[in-house]
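Right, one structure below, let's go through it.
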Amino acid sequence: MMRIVLLGAPGSGKGTQAKKLMADRNIPQISTGDMLREAVAGGTRFGQKAKAIMDTGNLVSDDIVLGIISERLLQPDAADGFILDGFPRTKQQALDLEELLDELGTPLDAALFMDVDFDVLMKRLTGRRTCSLTGKLLNVYFSAQEELDECTNAGGELIQREDDNEETIANRLEVYQTQTEPLVDYYRKRDRLKTVDADGSIDDVYARLLETVA
Ligand code: AMP
């Protein structure tokens, strides 16, 4: 049983590590960013509104993400644990989550803080791409050339997220520092915080993450 929050700046590797952990432990990665992007792709009015906010790098409202999360946590596959990725992102969301999990009688085991130097984040974010065929996350600076070729040779495209342009990235990092970083202290005070050194290769970080949750 593992109920954890992955906390960290955009580009700290939350999504990448959550996917590895999901595959290994058979518990769902719950990413509010992914769910919002799905809504955007669906082209609903709600999706259009969310897209306008996401394109600036600002946060969508606490009420909206809480609605998405409470529905998702009630799905049967979340009964045996979950990895929250990109939620909570504000103090209010953390309080709401605590209340929700209290009601469900399933408290968090830990908040894992993915700790990485600020200057590394820019390169991770500007270089980030997704293979249009497989959905695999890649990075033009860090992935092996063979991995990048594997996608393009198969006819895939390396797609950049719309909010991974320099202007939006700068704002996302600022939003993180002002609204989300305080949650590190929030979870430390509740004795839930565990810090993972998130600098280095995907496999090295994952090994450290496993040691931390063991
Ligand atoms: P992410 O993929 O986690 O970087 O999220 C992409 C964008 O979705 C963010 O920049 C926000 O605009 C929005 N978003 C994702 N998760 C949240 C959240 N918990 N609260 C508010 N906005 C969010």
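In each ligand, atom 1 is the first atom listed, and ligand 1 is the first ligand listed.
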>> Give me the residue, atom name and distance of the protein heavy atom closest to atom 20 (N) of ligand 1.
In response: Q93 NE2, 2.9 Å
> Going through the checks in order, is the salt bridge (Lys or Arg N to Asp or Glu O under 4.0 Å) test met by K51 and D55?
Replying inline: CA-CA 6 Å; K51 180 177 178 352; D55 280 349; 2.7 Å; yes
> Any N or O on R37 sitting closer than 3.5 Å to an N or O of ligand 1?
Replying inline: yes
> Do R172 and Y176 meet the cation-pi criteria used here (NZ or CZ under 6.0 Å from the six-membered ring centre, within 45° of the axis)?
Replying inline: no
> Should the proximity of L59 to ligand 1, defined as any heavy atom under 4.0 Å, be assigned to the side chain, the backbone, both, or neither?
Replying inline: both
>> Below 4.0 Å, non-hydrogen atoms only: which portion of V60 touches ligand 1? Side chain, backbone, both or neither.
In response: both
> Hey, which atoms in ligand 1 end up nearer than 4.0 Å to a heavy atom of R172?
Replying inline: 4 (O)
> Is the shortest side-chain N to carboxylate O distance from R72 to D77 below 4.0 Å?
Replying inline: yes
>> Could you work out, for atom 1 (P) of ligand 1, the closest of M54, E162, Q179, R89 by heavy-atom distance?
In response: R89
> Considering only heavy atoms of T32, which atoms of ligand 1 have at least one such atom less than 4.0 Å away?
Replying inline: 15 (C), 16 (N), 17 (C), 18 (C), 19 (N)
> Who gets closest to atom 12 (O) of ligand 1 by heavy atom: D62, T180, N58?
Replying inline: N58
>> With a 3.5 Å distance limit and no angle check, can you tell me whether Q179 reaches the backbone of V175 through a side-chain donor-acceptor pair?
In response: no
>> Which residue is it: T178, L183, V184? I am looking for the one with a side chain to side chain contact (heavy atoms under 4.5 Å, CB included) to T180.
In response: L183
> What do you reckon, does I53 put a non-hydrogen atom under 4.0 Å from ligand 1?
Replying inline: no
>> For ligand 1, which is the ligand I care about here, please tell me if V65 has any N or O atom under 3.5 Å from one of the ligand's N or O atoms.
In response: no
>> Whether R128 and D163 form a salt bridge (side-chain N of Lys/Arg under 4.0 Å from carboxylate O of Asp/Glu) is what I want to check.
In response: no
>> Tell me if a side-chain donor or acceptor on D109 pairs with a main-chain N or O of R3 at a distance below 3.5 Å.
In response: yes
>> Among residues at least two apart in sequence or on other chains, which ones pass salt bridge (Lys or Arg N to Asp or Glu O under 4.0 Å) with R129?
In response: none
> Which one holds for K14 and ligand 1: side chain close, backbone close, both close, or neither close, with close meaning a heavy atom under 4.0 Å?
Replying inline: neither
>> Heavy-atom pairs closer than 4.0 Å: do any link ligand 1 to the side chain of R161, the backbone, both, or neither?
In response: side chain
> Looking only at protein heavy atoms, which one is nearest to atom 13 (C) of ligand 1, and how far off is it?
Replying inline: L36 CD1, 3.6 Å
> Applying the side chain to side chain contact (heavy atoms under 4.5 Å, CB included) test to I30, which of I69, D85, I68, I83 qualifies?
Replying inline: I69
